[in-house]
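Just below is one structure, and these are the notes that go with it.
Each chain gets a letter, A, B and so on, in the order the sequences are listed, and its residues count up from 1. Any value given below was found using the heavy atoms of this structure, including those in side chains, with hydrogens, waters and symmetry copies removed.
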Protein chains: 2
Amino acid sequence: MNKSLDELVNELKKKNIRLTHQRLKVLEYLTNNKNHPTVDQIYRALKEEVPSLSKTTIYNTLNYLSELKLIQVITIEDKEARFDADTKTHGHFKCKSCGEIYDFDIDIDLSTNNLENFKIEEKIVYFKGVCPRCLSKINNN
Amino acid sequence: MNKSLDELVNELKKKNIRLTHQRLKVLEYLTNNKNHPTVDQIYRALKEEVPSLSKTTIYNTLNYLSELKLIQVITIEDKEARFDADTKTHGHFKCKSCGEIYDFDIDIDLSTNNLENFKIEEKIVYFKGVCPRCLSKINNN
DNA sequence: TTCCTACTTTGTATTAATTACAAACTAATT
DNA sequence: AATTAGTTTGTAATTAATACAAAGTAGGAA
């Protein structure tokens, strides 16, 4: 689902999860910035508004929210984790040229494999290549 | 492709890649152990036969071989990279209960998404859940 | 409103995978 | 056998992420 901030806040309230200023800010940032930010990006952006903010809090909050399935972790980069407020199953495409990460729909049924007796709980799909913008740049040179 | 050690060695020779004892041992280990080992597992296994072996060499070799597309890196675990001598596009299923990683075929065409103008070079598919062995254990308790 | 307490935040220290680097070594050719 | 470009090795550095304990606070109780 692509939930609004209000919907997310209501889910937290329903689950009796303490609604701290920091958690609200992180959720707000993620719902407003769908560009799959890293911990460091979130930290640097929020540090201005919340000067006391600690990176550990960002880690705590993001880990907690992803346990609660309110956000999604993306590890398409080997090094740094990225985060996505959109928790529906969808693919991520990483452009090897500009580094941008694009969402894409997985409209086919991925479950028809040789995994008959497996209980599938998560489907993670990452594609890598070159995005249209970078392709057109290359072609115009 | 699921290549034999000989085939891999021939590919290295063809590409004029220096055939060191260490590289051969790493390739040999990967072709004999299809259980997606980590750097540390490879290191500990080969250290006995090649006492001088350094972990940096393992990293160097694995990075080099994956650049050459002779092996595949699996980052289904956030922490540690795993390696696979099978370079054909296939999925990896991780059992959340026992940690085992299973290969599975991707027999459907994954390219029919909203990625019309993208140049797709790599398709990475990770599923997570519970494997049949663990499921039957749970059911028998 | 004030108090209380369990939960949260924060900063620092630590962990652990990976990379950087330079000196010693070696595969493959001359 | 000599040469050399490329490789291995060990140590040090990097860096994302976690552990931990002290200080702070949300939210309910009195």
How far apart are the C-alpha atoms of R82(B) and D84(B), what are their side-chain angles, what is the distance that settles it, and do they pass the salt bridge (Lys or Arg N to Asp or Glu O under 4.0 Å) test? CA-CA 7 Å; R82(B) 293 176 170 275; D84(B) 194 339; over 6 Å; no
List the steps, then state whether salt bridge (Lys or Arg N to Asp or Glu O under 4.0 Å) holds for D40(B) with K55(B). CA-CA 8 Å; D40(B) 202 60; K55(B) 227 174 203 177; 2.5 Å; yes
Intermediate values then yes/no, salt bridge (Lys or Arg N to Asp or Glu O under 4.0 Å), K25(A) and E28(A): CA-CA 5 Å; K25(A) 283 293 171 187; E28(A) 190 184 86; 3.5 Å; yes
Derivation of the side chain to side chain donor-acceptor pair (under 3.5 Å) call for D105(B) and H90(B): CA-CA 5 Å; D105(B) 294 331; H90(B) 64 284; over 6 Å; no
Under the salt bridge (Lys or Arg N to Asp or Glu O under 4.0 Å) criterion, do E121(B) and K119(B) qualify, and how do the steps go? CA-CA 6 Å; E121(B) 290 170 354; K119(B) 185 182 173 197; 3.4 Å; yes
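Both V39(B) and R18(B) lie close to DNA chain C; mapped to their nearest nucleotides by heavy-atom distance, the more 5′-ward contact belongs to V39(B). For the pair K79(B) and Q22(B), nearest-nucleotide mapping onto DNA chain D gives the more 5' position to Q22(B).
A heavy-atom distance below 4.0 Å to DNA chain D is reached by these residues of residues 44-55 of chain B, ordered by number: S52(B), L53(B), S54(B).
Separation of atoms OG1 (T56(B)) and OH (Y43(B)) is listed at 9.0 Å; rounding is to 0.5 Å.
Residues that satisfy the ring-ring contact (aromatic ring centres under 6.0 Å, His included) test with Y102(B), not counting sequence neighbours, are F118(A).
As judged by a 4.0 angstrom heavy-atom cut-off over every strand, T56(A) is placed among the base-contacting residues. Looking at heavy-atom distances under 4.0 Å, T20(B) makes contact with sugar-phosphate atoms alone, never a base. N60(B) comes within 4.0 angstrom of a nucleotide base, judged by non-hydrogen atoms across all strands. At a threshold of 4.0 angstrom between heavy atoms, the contacts of N16(A) with the nucleic acid are absent.
To the nearest angstrom, P of dT7(D) lies 11 Å from CG of L12(B). Distance OH (Y43(A)) to C1' (dA17(D)): 15 Å, rounded to an integer number of Å. As a whole-Å value, the separation of K25(B) NZ from dT8(D) C1' is 17 Å.
Between chain B and DNA chain C, the heavy-atom contact criterion of under 4.0 Å yields a 5' to 3' nucleotide range of dA17(C) to dA28(C).
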